[in-house]
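Note: hydrogens, waters and symmetry copies are ignored here, and every other heavy atom, side chains too, is used. Only a predicted model underlies this, so the values are computations on that prediction, with no experimental measurement involved.
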Amino acid sequence: MDFLMSGLAACGACVFTNPLEVVKTRMQLQGELQAPGTYRRHYRNVFHAFFTIGKVDGLAALQKGLAPALLYQFLMNGIRLGTYGLAEARGYLHSADGTLNPVRSAAAGALAGVMGAYLGSPIYMVKTHLQAQAASEIAVGHQYKHQGMFQALTKIGQKHGLVGLWRGALGGLPRVIVGSSTQLCTFSSTKDLLSQWEIFPAQSWKVALAAAMVSGIAVVLAMTPFDVASTRLYNQPTDAQGKPLCLQPMYLCSLSFLQHQHLILGTNSPSCLQ
């Protein structure tokens, strides 16, 4: 039941956050491996991105990739939150004195996240492709031109097999390990602290809300660099054999990003300018 409820709760949130995911994906792909000032910025900030996408692609485009996003959230968070909740309920995350052990909590969060993310990786890849698709005048990154989730999965599977469906999965794991361990550990620790300090009434929904807000901020700060690299790994074009044409391992993706942002100079790394 924990797995089912966790998945359904994540799906409910996804309906409202998917437009933000569309904007985030396009802003992360904008200027891919190009030095600042050498490319046209279609999306200047979050609000401008919302306006531009709505104006050029239509308001419906803000919900692009909703079907795979819902399925991914159900699979990923159903497994992740369900597994973590099970471990917490059985006392695996607590020390002998009954207090939450941060190391165990972070490790359990990372492991649960990896399980969910790896199984849902093909869905996440297709979600990224669909959310990146845009009219030519505001397109960023590689454009796959899929017709829908099932068509995309079928096409990739027929062309590149199971390996193609899980392309980018290993590169996306650092994102999930950092994000999931940070989120679940921070959420549980903050909730325990708020309960000890008695800021809110016992068993109040405000405790969970405040803990979720704190963990959300922590996740964004910790995960964003890995999220940018993961998005670009999933969306990059491939050759006829399904091999990436731009960035392969995560470390090369990160190195190339830093080089083209003038943070690392004098390095030779693969590039793929769109």
Side-chain angles (χ1 to χ4, degrees), residues 1-28 46-47 49-50 53-54 58-89 105 108-110 112-132 148-150 152-153 172 175-176 178-191 194 200 203-220 222-224 227 230-231 234:
M1 183 59 70
D2 286 345
F3 292 87
L4 177 62
M5 295 306 295
S6 297
L8 291 176
C11 288
C14 179
V15 174
F16 299 97
T17 60
N18 193 62
L20 289 169
E21 277 288 310
V22 173
V23 168
K24 175 181 73 72
T25 297
R26 296 195 186 184
M27 293 189 74
Q28 288 176 340
V46 174
F47 302 106
F50 270 107
I53 294 171
L59 292 177
L62 290 168
Q63 284 290 13
K64 277 193 173 183
L66 181 60
L70 289 171
L71 182 56
Y72 176 77
Q73 289 297 331
F74 184 81
L75 288 173
M76 198 275 194
N77 284 300
I79 295 171
R80 183 174 70 103
L81 299 179
T83 302
Y84 184 85
L86 192 62
E88 187 175 30
S105 179
V114 165
M115 290 169 56
Y118 191 79
L119 290 174
S121 183
I123 308 299
Y124 190 88
M125 178 174 65
V126 169
K127 177 187 81 74
T128 302
H129 292 178
L130 291 172
Q131 291 177 339
M149 178 178 69
F150 294 112
L153 290 170
R175 165 189 174 273
V176 178
V178 172
S180 186
S181 59
T182 301
Q183 181 187 40
L184 296 177
C185 179
T186 307
F187 177 79
S188 297
S189 299
T190 303
K191 192 168 68 169
L194 291 174
F200 301 111
Q203 305 301 320
S204 172
W205 58 270
K206 296 178 183 177
V207 174
L209 178 62
M213 292 174 68
V214 172
S215 68
I217 294 172
V219 168
V220 169
M223 192 176 72
T224 294
D227 195 37
S230 178
T231 297
Y234 274 122

Scan residues 7-22 for pairs that pass salt bridge (charged side-chain N to carboxylate O under 4.0 Å, His left out), counting only residues two or more places apart or in two chains. E21-K24, E21-K127
Closer than 3.5 angstrom, by distance alone: can the side chain of T224 be matched with the main-chain N or O of V220 as a donor-acceptor pair? yes
Looking only at heavy atoms, what is the nearest atom pair of H129 and Y234, with distance? NE2-O, 2.9 Å
Within a radius of less than 6.0 Å around CG of L209, do more than 12 heavy atoms belonging to other residues, nucleotides or ligands occur? yes
Looking only at heavy atoms, the pair that brings A208 and F187 closest together is O-CE1, 3.5 Å
L81 and L184: side-chain contact (heavy atoms from CB on, under 4.5 Å), yes or no, with the steps? CA-CA 8 Å; L81 299 179; L184 296 177; 3.6 Å; yes
side-chain hydrogen bond (donor to acceptor under 3.5 Å, both in side chains) partners of residues 62-72, not counting sequence neighbours, each pair once: N18-Q63
Please step through side-chain contact (heavy atoms from CB on, under 4.5 Å) for the pair F50 and L20, ending with a clear verdict. CA-CA 8 Å; F50 270 107; L20 289 169; 3.6 Å; yes
Distance alone, cut at 3.5 Å: any donor-acceptor contact between the side chains of S230 and Y124? no
What is the distance from atom CE of M125 to atom CD1 of I123, rounded to the nearest 0.5 Å? 9.0 Å
In terms of heavy-atom contacts, A117 and V176 come closest through CB-CG2, 3.3 Å
With heavy-atom distances below 4.5 Å as the criterion, would you say the side chains of L75 and L119 are in contact? no
Using every non-hydrogen atom in the two residues, find where F16 and G12 come nearest and quote the distance to one decimal. CD1-O, 3.3 Å
Shortest non-hydrogen separation from A211 to L194 and the atoms involved: N-CD1, 4.1 Å
Inter-residue atom distance M115.CE - R80.CZ, 0.5 Å rounding: 12.5 Å
Using side-chain heavy atoms (C-beta onward) and a distance below 4.5 Å, is T190 in contact with S215? no
Can you list the steps and then say if I217 with M213 is a side-chain contact (heavy atoms from CB on, under 4.5 Å)? CA-CA 6 Å; I217 294 172; M213 292 174 68; 5.7 Å; no
S180/Y84 under side chain to side chain donor-acceptor pair (under 3.5 Å): CA gap, chis, key distance, verdict: CA-CA 10 Å; S180 186; Y84 184 85; over 6 Å; no
Heavy atoms of I79 and A112 approach each other most closely as CG2-O, 4.4 Å
Can you check whether M223's main-chain N or O pairs, donor with acceptor, with R175's side chain at less than 3.5 Å? no
Going through the checks in order, is the side-chain contact (heavy atoms from CB on, under 4.5 Å) test met by M149 and L71? CA-CA 10 Å; M149 178 178 69; L71 182 56; 4.1 Å; yes
Distance check, rounded to the nearest 0.5 Å: L8 atom CG versus L70 atom CG? 10.5 Å
Is the backbone of G179 close enough, under 3.5 Å, to the side chain of T182 for a donor and an acceptor to pair up by distance? no
